[in-house]
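It should be emphasised that the depicted structure is a prediction, and the values quoted were computed from it without experimental measurement.
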Amino acid sequence: MTEVEKLALDLPESERAILAAYVLGSLPPILHDEDEGMAEALRRDSDLDAEPSSGMSLEHLDQAIQRRRC
(Lines give C-alpha, C1' and ligand atoms only; values in the text may rest on other atoms or scores of the structure.)
Protein backbone atom coordinates (compact mmCIF):
# COMPACT_ATOMS: atom_id res chain seq x y z
CA MET A 1 0.00 0.00 0.00
CA THR A 2 2.80 2.44 0.91
CA GLU A 3 4.56 1.76 -2.39
CA VAL A 4 1.37 2.37 -4.38
CA GLU A 5 0.79 5.62 -2.48
CA LYS A 6 4.35 6.81 -3.18
CA LEU A 7 4.02 6.00 -6.88
CA ALA A 8 0.66 7.76 -7.08
CA LEU A 9 1.98 10.88 -5.33
CA ASP A 10 4.91 11.03 -7.76
CA LEU A 11 2.50 11.36 -10.71
CA PRO A 12 1.81 14.79 -12.21
CA GLU A 13 -1.31 16.47 -10.82
CA SER A 14 -3.42 15.78 -13.90
CA GLU A 15 -2.58 12.07 -13.85
CA ARG A 16 -3.25 11.89 -10.08
CA ALA A 17 -6.67 13.44 -10.70
CA ILE A 18 -7.47 10.83 -13.35
CA LEU A 19 -6.28 8.04 -11.06
CA ALA A 20 -8.29 9.42 -8.13
CA ALA A 21 -11.44 9.65 -10.25
CA TYR A 22 -10.95 6.07 -11.44
CA VAL A 23 -10.37 4.73 -7.91
CA LEU A 24 -13.31 6.66 -6.44
CA GLY A 25 -15.52 5.54 -9.30
CA SER A 26 -14.69 1.93 -8.49
CA LEU A 27 -16.12 2.25 -4.95
CA PRO A 28 -19.76 1.75 -4.04
CA PRO A 29 -21.61 4.84 -2.85
CA ILE A 30 -21.19 5.50 0.87
CA LEU A 31 -24.68 6.85 1.25
CA HIS A 32 -27.58 5.25 -0.50
CA ASP A 33 -30.78 7.20 -0.86
CA GLU A 34 -33.87 5.58 -2.31
CA ASP A 35 -34.44 8.73 -4.34
CA GLU A 36 -30.74 9.12 -5.33
CA GLY A 37 -30.43 12.29 -3.24
CA MET A 38 -33.38 14.17 -4.74
CA ALA A 39 -34.98 14.87 -1.35
CA GLU A 40 -31.72 16.36 -0.07
CA ALA A 41 -31.28 18.45 -3.23
CA LEU A 42 -34.84 19.77 -2.98
CA ARG A 43 -34.36 20.57 0.72
CA ARG A 44 -31.18 22.51 -0.02
CA ASP A 45 -32.86 24.33 -2.90
CA SER A 46 -35.72 25.30 -0.60
CA ASP A 47 -33.25 26.49 2.06
CA LEU A 48 -31.52 28.71 -0.51
CA ASP A 49 -34.85 30.12 -1.68
CA ALA A 50 -35.74 30.97 1.91
CA GLU A 51 -32.31 32.41 2.79
CA PRO A 52 -30.30 33.34 -0.35
CA SER A 53 -27.49 34.83 1.72
CA SER A 54 -26.66 31.33 3.01
CA GLY A 55 -25.39 30.42 -0.44
CA MET A 56 -22.06 31.12 -2.10
CA SER A 57 -21.44 33.00 -5.33
CA LEU A 58 -19.52 31.33 -8.14
CA GLU A 59 -16.77 33.91 -7.68
CA HIS A 60 -16.47 33.08 -3.97
CA LEU A 61 -16.39 29.36 -4.77
CA ASP A 62 -13.63 29.92 -7.34
CA GLN A 63 -11.62 31.90 -4.77
CA ALA A 64 -12.04 29.16 -2.16
CA ILE A 65 -10.85 26.53 -4.63
CA GLN A 66 -7.83 28.62 -5.59
CA ARG A 67 -6.88 29.07 -1.91
CA ARG A 68 -7.00 25.31 -1.38
CA ARG A 69 -4.72 24.69 -4.37
CA CYS A 70 -1.97 26.98 -3.05
Side-chain angles (χ1 to χ4, degrees):
M1 184 75 169
T2 303
E3 185 178 343
V4 171
E5 180 182 1
K6 182 185 178 325
L7 291 170
L9 292 175
D10 286 341
L11 292 171
E13 185 177 309
S14 61
E15 291 180 18
R16 284 196 325 268
I18 292 168
L19 177 61
Y22 179 76
V23 170
L24 288 172
S26 72
L27 297 172
I30 294 174
L31 300 175
H32 176 71
D33 295 329
E34 292 296 323
D35 65 355
E36 298 181 350
M38 284 302 298
E40 178 67 14
L42 291 171
R43 183 192 64 76
R44 290 180 183 201
D45 184 54
S46 176
D47 289 350
L48 278 173
D49 285 343
E51 187 60 50
S53 65
S54 68
M56 178 185 290
S57 70
L58 179 57
E59 181 180 354
H60 187 247
L61 175 62
D62 286 341
Q63 291 169 354
I65 291 170
Q66 287 302 319
R67 281 193 302 273
R68 291 191 73 180
R69 287 185 175 176
C70 296

Can you tell me how far apart CG (L7) and CZ (R16) are? Round to the nearest 0.5 Å.
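Here the rounded value is 13.0 Å.
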Residues that L27 engages under side chain to side chain contact (heavy atoms under 4.5 Å, CB included), provided they are two or more places apart:
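Side chain to side chain contact (heavy atoms under 4.5 Å, CB included) check on L27 returns L24.
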Set of residues satisfying side chain to side chain contact (heavy atoms under 4.5 Å, CB included) with respect to L19, sequence neighbours excluded:
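Partners of L19 under the side chain to side chain contact (heavy atoms under 4.5 Å, CB included) test: A8, L11, V23.
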Would you say R44 has more than 12 foreign heavy atoms packed within less than 6.0 Å of its CZ?
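12 or below, so no.
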Apply the side chain to side chain contact (heavy atoms under 4.5 Å, CB included) test between K6 and each candidate in D10, V4, T2; give the one that qualifies.
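Exactly one option meets the side chain to side chain contact (heavy atoms under 4.5 Å, CB included) with K6, and it is D10.
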Could you list the donor-acceptor pairs under 3.5 angstrom formed between side-chain atoms of residues 46-57 and any protein atom two or more places apart in sequence or on another chain?
residue : atom : partner : partner atom : Å
D47     : OD2  : R43     : NH1          : 2.6
E51     : OE2  : S53     : OG           : 2.6
S54     : OG   : E51     : O            : 2.7
S57     : OG   : H60     : N            : 3.0

